[in-house]
Undergrad: 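Pasting a structure here, questions to come.
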Amino acid sequence: MDEPQIKVYGSATEITVAANAAGLRDLAERLVDLAAPELRDGYHEHLESGINLEDGSISLILERDDKL
């Protein structure tokens, strides 16, 4: 299987999350994990350029907010 590749870029009015198939599956799994009943409001995960995201990406935070 391919390595997940995810790139996040954008402007003040638009953000793009681009990924290969493995990257899309990785993001989907992270989102499903955030929806787990044992996690509380405010739980979040940071994705950073060169670590979880492709070099040159802007940082991405996935956060659970049960007040929404």
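Atoms considered below: every heavy atom in the structure, side chains included; atoms not considered: hydrogens, waters and symmetry mates.
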Undergrad: Judged by atom type as modelled, is there a donor-acceptor pair below 3.5 Å linking the side chain of Arg64 to the main-chain atoms of Leu34?
TA: yes

Undergrad: Could you measure the distance from the OG atom of Ser59 to the CD1 atom of Ile51? Nearest 0.5 Å is fine.
TA: 8.5 Å

Undergrad: Any side-chain heavy atom of Leu47 within less than 4.5 Å of one from Leu62?
TA: yes

Undergrad: Which pairs count as salt bridge (Lys or Arg N to Asp or Glu O under 4.0 Å) when at least one residue sits in residues 35-44, sequence neighbours excluded?
TA: Asp41-Lys67

Undergrad: Quick one: does any side-chain atom of Asn20 pair with a main-chain N or O of Gln5 as donor and acceptor, under 3.5 Å?
TA: yes

Undergrad: Measure the shortest side-chain to side-chain distance between Arg25 and Leu27 over non-hydrogen atoms and say whether it is less than 4.5 angstrom.
TA: no

Undergrad: Using only atom types and a distance under 3.5 Å, with no angle test, would you say the side chain of Ser49 pairs donor to acceptor with the backbone of Ile58?
TA: no

Undergrad: Over all heavy atoms of both residues, which pair between Glu54 and Pro4 is shortest? Give the atoms and the distance, please.
TA: OE2-O, 4.3 Å

Undergrad: What's the separation between atom CD1 in Ile61 and atom NE2 in His44, rounded to the nearest 0.5 Å?
TA: 6.5 Å

Undergrad: Which heavy atom in Ala19 sits nearest to a heavy atom in Gly23, and how many Å separate them?
TA: CB-C, 3.9 Å

Undergrad: Are Leu60 and Asn52 side-chain neighbours, meaning at least one heavy-atom pair lies under 4.5 Å?
TA: no

Undergrad: Hey, quick one: are Leu24 and Ile15 part of the same hydrophobic cluster, counting side-chain heavy atoms closer than 4.5 Å, chains of contacts allowed?
TA: no

Undergrad: Please tell me if the side chains of Asp26 and Ile6 come closer than 4.5 Å, counting only heavy atoms from C-beta onward.
TA: yes

